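One structure below.
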Amino acid sequence: MKKYYLLTFGCQMNMRDSELIAGQLEALGYERTTDQSCADLILALTCCVRGSAEDRALGRISQLKPLKRDNPRLVIGVGGCMPQNPDSLKRLQEACPHVDFFFGTRNLSELPRLLEEGRRDDKAVVDVTPRDDECIEKITPVRQSAISAWVTISYGCNNYCSYCIVPYVRGPERSRKPEHVLEEVRRLASQGYKEVTFLGQNVNSYGKDLPGDWSFPRLLREANEIEGIERIRFVTSHPKDVSSELIEAMATLNKVCEHLHLPLQSGSDRILASMNRGYTMARYLEIVDELRLRVPGIALTTDIIVGFPGESEEDFAMTMDAVQRVRFDGIFTFIYSPRPGTKAASFPGQVPKEVKKDRLQTLVATQNRITLELNQALVGKDVEVLVEGPSDKDPSVLAGRTRTNKVVTFPGDRALFGSLAMVRIKKARLWSLKGELR
Ligand code: 5AD
Ligand code: SF4
């Protein structure tokens with residue numbers, strides 16, 4: 001049997017695409033290996049959202065060169081966001097002559113053909129033509145988990161935040177047909193899955209491009225009816241599209257978890273405008289207040305960019321203030337990275353590297369303190385945990401997540417995998433909680 005090895009960088013979209021690729025390859029008779037040196041086929045899914053993500057992927061793919069030298073029959077393909085971006089594709093082609101084929105974000109179902117051409121042709125094959133194919137619906141994915149599943153609900157993004165390359169590499173927003181989404185959730189339920197996470201660049205605008213009266217809250221309502229599924233999550237939400245109807249859905253639908261990832265990006269209105277985000281800090285705080293009122297105990301997480309062009313000390317102080325006012329459960333922090341082709345890359349007032357790094361450190365230190373405080377407040381409390389498997393760090397204990405998306409580890413029997421357990425929190429750490437079964 002031929003063996004394939006997958007290398008996945010970047011966001012959940014790429015993780016999900018890897019599951020579809022695995023499904024196609026296994027249908028073609030390939031078997032997965034976790035040892036790249038014995039693979040007949042290596043596929044990498046790349047990310048270009050920040051320069052650092054790109055460098056990491058490029059470095060790792062460059063390192064595959066000796067493998068190809070030792071085994072000329074090895075086929076290497078590179079997909080995801082980098083090939084879809086002309087600048088990044090050029091970098092890849094120059095640094096990685098050992099790659100046989102490149103494919104874009106909208107060419108997944110072309111994989112069998114690309115594999116053949118890549119193997120046959122001397123020159124690297126490139127297919128990054130944006131195609132909208134329904135063939136993707138016919139692929140049976142090989143999923144990472146048997147308990148929690150990702151379900152794509154929309155592709156692409158229409159927002160054009162001035163720093164972001166995503167709309168260019170993933171195309172305009174297209175909602176997946178609701179019947180396909182709901183059918184997938186029903187199938188997952190019948191296979192024993194307990195949790196689904198709806199995926200999209202901006203899930204809140206789901207349905208705007210569909211005929212009929214579709215909206216994201218309606219999709220949540222219909223999914224909530226599906227028997228067997230215990231938890232529904234979703235990422236990512238955009239503050240400008242958070243409606244009272246969404247908050248109402250979160251407040252009333254029993255399966256929709258009490259967690260919202262709501263990227264703020266900056267606490268300064270001036271910077272938010274320059275980022276083209278479409279909301280002010282006051283509006284964001286209004287959403288937070290309504291959420292906390294209607295969804296008691298909700299956990300909020302966010303993304304923050306430091307060092308956006310023109311960000312002054314005062315602007316950064318506003319971000320620090322926002323983080324301390326909202327008291328997020330967790331934040332993902334990013335140093336602004338100019339992406340060629342985006343508007344912000346040519347904005348004046350690019351912030352020096354050292355300043356960006358200092359701001360990041362200040363932000364992370366404050367947030368770590370807040371996260372730890374919020375986690376410590378859970379000590380002694382009982383929480384519902386969906387048991388997902390053994391802990392990565394210590395396989396002798398079980399690991400799962402609370403409805404608020406916090407990782408909990410505790411001693412227990414493997415028979416609990418896939419079930420909901422009540423756990424009393426004994427110890428809080430920054431990234432996880434330790435508990436005991438009730
Ligand atoms: N530089 C830094 N961070 C970025 N993000 C997107 N583009 C950039 C960029 N050019 C961050 C945003 C987004 C997250 C997925 O990545 O915070 O929410
Ligand atoms: Fe990028 Fe903004 Fe779209 Fe998110 S909403 S993918 S940050 S353009």
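A quick note: this is a predicted structure, and the numbers were derived from the prediction, not measured. In what follows, residues are counted from 1 in the order of the sequence shown. In listed order, ligands and their atoms are each counted from 1.
- Near Arg339, meaning under 4.0 Å from any of its heavy atoms, are these atoms of ligand 1: 10 (N).
- When each atom of ligand 1 is checked for a heavy atom of Val49 under 4.0 Å away, the hits are 6 (C), 7 (N), 8 (C), 9 (C), 10 (N).
- A 4.5 Å side-chain heavy-atom check between Leu67 and Gln36 finds at least one atom pair inside the cut-off.
- Between Phe332 and Phe334, the ring planes are parallel. Angles under 30° get that label, and only those over 60° would be called perpendicular.
- The pair Lys255-Glu195 does not count as a salt bridge, with every side-chain nitrogen at least 4.0 angstrom from each carboxylate oxygen.
- Ring geometry for Tyr284 against Tyr279 counts as tilted: the plane angle lies between 30° and 60°, on a 0 to 90° scale.
- No donor-acceptor pair under 3.5 Å is formed between the side chain of Thr402 and the backbone N or O of Glu384.
- Distance check, rounded to the nearest 0.5 Å: CD of Glu314 to OG of Ser268 gives 8.0 Å.
- In summary, the side chains of Glu173 and Tyr206 do not present any donor paired with an acceptor at a separation below 3.5 Å, with no hydrogens or angles considered.
- Ligand 1 lies less than 4.0 angstrom from a heavy atom belonging to Ile335.
- At a heavy-atom cutoff of 4.0 Å, ligand 2 is contacted by the side chain of Pro167 but not by its backbone.
- Looking only at heavy atoms of the protein, atom 6 (S) of ligand 2 is closest to Gln201 CG, 3.3 Å.
- Distance from atom 10 (N) of ligand 1 to its nearest protein heavy atom, with residue and atom name: Ser337 O, 2.8 Å.
- Counting only heavy atoms of the protein, atom 1 (Fe) of ligand 2 lies nearest to Cys164 SG, 2.3 Å.
- Protein heavy atom at the shortest distance from atom 15 (C) of ligand 1 is Asp303 OD2, 3.8 Å.
- Given atom 7 (S) of ligand 2, the protein heavy atom at minimum distance is Tyr163 OH, 3.3 Å.
- Ranking the protein heavy atoms by distance from atom 7 (N) of ligand 1 puts Tyr163 CD1, 3.3 Å first.
- Atom 2 (Fe) of ligand 2 has as its closest protein heavy atom Cys161 SG, 2.4 Å.
- When only non-hydrogen protein atoms are considered, atom 16 (O) of ligand 1 lies nearest to Arg50 NH1, 2.8 Å.
- Coordination check, His238 versus atom 3 (Fe) of ligand 2: failed, since every N/O/S atom of the residue sits at 2.8 Å or beyond.
- Asn159 and Asn276 share no side-chain donor-acceptor pair at under 3.5 Å.
- Residue-ligand proximity, Gln265 to ligand 1, at heavy-atom distances under 4.0 Å covers atoms 12 (C), 13 (C), 17 (O), 18 (O).
- Residue contacts with ligand 2 include Arg277, since one of its heavy atoms falls under 4.0 Å from the ligand.
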When you look at Arg221 and Glu245, which way does the salt bridge (Lys or Arg N to Asp or Glu O under 4.0 Å) test go after all the steps?
-> CA-CA 11 Å; Arg221 287 196 293 272; Glu245 196 192 348; 3.3 Å; yes
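- Ring-centre distance between Tyr168 and Tyr160: below the 6.0 Å cut-off.
- Of all protein heavy atoms, the one closest to atom 5 (S) of ligand 2 is Asn159 ND2, 3.4 Å.
- Only side-chain heavy atoms of Cys157 come within less than 4.0 Å of ligand 2; its backbone N, CA, C and O stay farther off.
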Exercise. Start with the C-alpha distance between Ser244 and Glu290, add both sets of side-chain angles, then the distance that settles side chain to side chain donor-acceptor pair (under 3.5 Å), and finish with yes or no.
Key: CA-CA 8 Å; Ser244 292; Glu290 195 181 338; 3.3 Å; yes
